[in-house]
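Working notes, structure below.
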Amino acid sequence: MENFTPISALLGGGLIGLAAVILMGTLGRVAGISGITGGLISFSSSDDKSWRLAFVLGLILVPIILVFVKPDLSVLEFKLTGWPLLISGAIVGWGTQLGNGCTSGHGVCGNARFSARSIVATVTFMIAGFVTVFISKYFGLYL
Amino acid sequence: MKGLISAFVSGGLFGAGLLISQMINPEKVIGFLDIVGDWDPSLAFVMIGALVVTFLGYRFVLNQPSPAFSDRFYMPTAKDIDGALIGGAAFFGIGWGLSGLCPGPAIALSALGGLNVVYFLGGMVGAMFLFRWRKR
């Protein structure tokens, strides 16, 4: 087991859970980032874009503040860059809209309600992730 | 206004959680998905932490007659386990495994992650836009 960080993982996860509970308790919305973003991009003229914008603003601004206070929080290492990364982004974008959720929407919010759709989606994207990493490592795709 | 502040607070806490758990780090995510290699179980613990809090919190919150600053709960209505769900999830998992990023961390990193995040977000937002445009 490499780089295992159980305490910060549990703490960070707890905060994510708290965020989800607050969003549901105040606005009645699922804290699924692909859904929140997709709704922001959507072509329907319903006026529910303001809360989405506020959420995304918090999602972007708070990390900036945190990193200012504790710079090592922004340590990251990309395993893919350039065009392959752009294509991966497109695959994520398409897949999350088609499947109606991602790790937050299905993985956290849906599973917390024991939604059958979310359980199936989560198992599916986990397996897809495991297989993809296995194949990518085998073919030396990563940096 | 209270609703907007709540949304901002929720987004902020979410971003903080992503940062503290290191889910913004592609290497950490791929480390978890590298299940037969140098396995890093951290992501599972992030999920556990999030699920426990959400499960307990939802039990309380969803028992209220309505949300605090909205007239109703907006729960997903789809019930079928269909091709779109499975295909979409599989597709998402592939992109996630390739990049080590998903929508939350990518957006949280938009100002902090440099050019790489811009590439990922460009692809992600572009594809989302295209998908929504086709469905309009």
Side-chain angles (χ1 to χ4, degrees), chain A residues 2-3 5-6 9-10 12-17 19-29 33-34 41-43 51 54-55 58-59 62-63 73-74 76-79 81 85-86 88-99 102-104 108 112 120-121 124-125 128-130 132-133, chain B residues 4 6-8 10-17 19-21 25-27 33-35 38 40 42 45-46 49-50 53-55 57-58 61 67-70 73-74 81 84 88-99 102-104 108 112 116 119-120 123-124 127-129 131-132 136:
Chain A
E2 294 271 317
N3 306 313
T5 53
L10 281 171
L15 285 175
I16 289 169
V21 171
I22 287 175
L23 195 66
M24 185 59 79
T26 57
L27 290 172
R29 297 281 186 175
I33 311 302
S34 66
I41 293 169
S42 101
F43 284 81
W51 73 266
F55 184 94
L59 185 59
V62 169
L73 282 174
S74 71
L76 42 75
E77 189 177 317
F78 284 91
K79 308 297 276 181
T81 58
L85 187 55
L86 187 144
S88 312
I91 295 173
V92 163
W94 192 270
T96 54
Q97 298 306 298
L98 184 63
C102 55
T103 45
S104 50
V108 176
V120 169
T124 305
F125 67 64
F130 292 142
T132 300
V133 167
Chain B
L4 292 182
S6 307
F8 182 85
S10 173
L13 283 169
F14 200 104
L19 229 66
I20 289 167
S21 62
N25 185 357
E27 199 194 24
L33 295 172
D34 188 13
I35 204 152
D38 292 330
D40 176 359
S42 301
F45 278 65
V46 181
V53 172
T54 306
F55 170 70
Y58 269 14
V61 151
F69 307 129
S70 171
F73 293 103
Y74 294 82
I81 291 165
F91 224 50
F92 163 62
I94 291 169
W96 187 42
L98 285 171
S99 62
C102 57
L112 297 167
N116 284 320
Y119 269 95
F120 182 88
M124 187 184 96
M128 285 182 166
F129 188 84
F131 188 92
R132 294 268 169 166
R136 85 198 183 289

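Residue numbering restarts at 1 for every chain, and letters A, B, ... go by the order of the sequence lines.
- Atom CZ in Phe129(B) sits 3.5 Å away from atom CZ in Phe43(A) (nearest 0.5 Å).
- Ser10(B) places a side-chain N or O within donor-acceptor distance of the main-chain N or O of Ala19(A), the cut-off being under 3.5 Å.
- Note that CZ of Phe78(A) is 8.5 Å distant from CG of Asn25(B), once rounded to the nearest 0.5 Å.
- Contacts with chain B were tallied for Leu59(A), Thr103(A), Ile33(A); Leu59(A) has the most, counting heavy-atom pairs under 4.5 Å.
- Atoms CG and OG1, on Asp40(B) and Thr5(A) in that order, are 6.0 Å from each other to the nearest 0.5 Å.
- For chain A, the option among Pro67(B), Gly95(B), Ala68(B), Ser21(B) with the highest count of heavy-atom pairs below 4.5 Å is Pro67(B).
- For Ile94(B), the parts lying near chain A are the backbone and the side chain together; criterion is any non-hydrogen pair under 4.5 Å.
- Looking at Ser88(A), the atoms closer than 4.5 Å to chain B (heavy atoms on both sides) sit in the backbone and in the side chain alike.
- Among Ala16(B), Ala84(B), Gly104(B), Ala90(B), the residue making the largest number of heavy-atom pairs under 4.5 Å with chain A is Ala84(B).
- Contact tally against chain A (heavy-atom pairs below 4.5 Å) for Cys102(B), Gly12(B), Ser99(B), Gly57(B): the top residue is Gly12(B).
- Closest approach of Phe45(B) and Ala9(A) over heavy atoms only: CB-CB, 3.7 Å.
- For Thr81(A) (side chain) and Asn116(B) (main-chain N/O), no donor-acceptor pair under 3.5 Å exists by modelled atom type.
- Across Pro103(B) and Val92(A), no two heavy atoms sit closer than the pair CD-CG1, 3.8 Å.
- Interface residue Val120(A): only side-chain heavy atoms are found under 4.5 Å from chain B.
- Across all their heavy atoms, Thr54(B) and Gly17(A) have their closest contact at OG1-CA, 3.2 Å.
- Only the side chain of Val61(B) comes within contact range of chain A, judged by heavy atoms closer than 4.5 Å.
- The side-chain tip of Arg29(A) points at the ring of Tyr74(B) from less than 6.0 angstrom away and within 45° of straight on.
- Looking only at heavy-atom pairs under 4.5 Å with chain B, the residue among Thr26(A), Leu15(A), Val21(A) that has the most is Thr26(A).
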Let me see the working for Leu33(B) and Thr132(A) under side-chain contact (heavy atoms from CB on, under 4.5 Å), right down to the final yes or no. CA-CA 8 Å; Leu33(B) 295 172; Thr132(A) 300; over 6 Å; no
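- Using cut-offs of 30° and 60° for the angle between ring planes, the Phe92(B) and Phe125(A) rings count as perpendicular.
- Here the shortest heavy-atom pairing between Pro26(B) and Glu77(A) reads CB-O, 3.5 Å.
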Step-by-step side-chain contact (heavy atoms from CB on, under 4.5 Å) determination, Phe14(B) to Leu23(A): CA-CA 10 Å; Phe14(B) 200 104; Leu23(A) 195 66; over 6 Å; no
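- Most heavy-atom pairs under 4.5 Å with chain B, from the set Ala128(A), Pro6(A), Ala121(A), Ala54(A): that is Ala54(A).
- Using a 4.5 Å cut-off between heavy atoms, Val62(A) touches chain B through its side chain atoms alone.
- When each of Thr96(A), Thr124(A), Leu76(A) is checked for heavy-atom pairs under 4.5 Å with chain B, Leu76(A) comes out on top.
- Interface check for chain B: of the options Leu27(A), Ile22(A), Leu73(A), Ile41(A), the most heavy-atom pairs under 4.5 Å are formed by Leu27(A).
- Residue with the most contacts toward chain A among Ser70(B), Gly97(B), Ala127(B), Ala50(B): Ala50(B) (heavy-atom pairs, distance under 4.5 Å).
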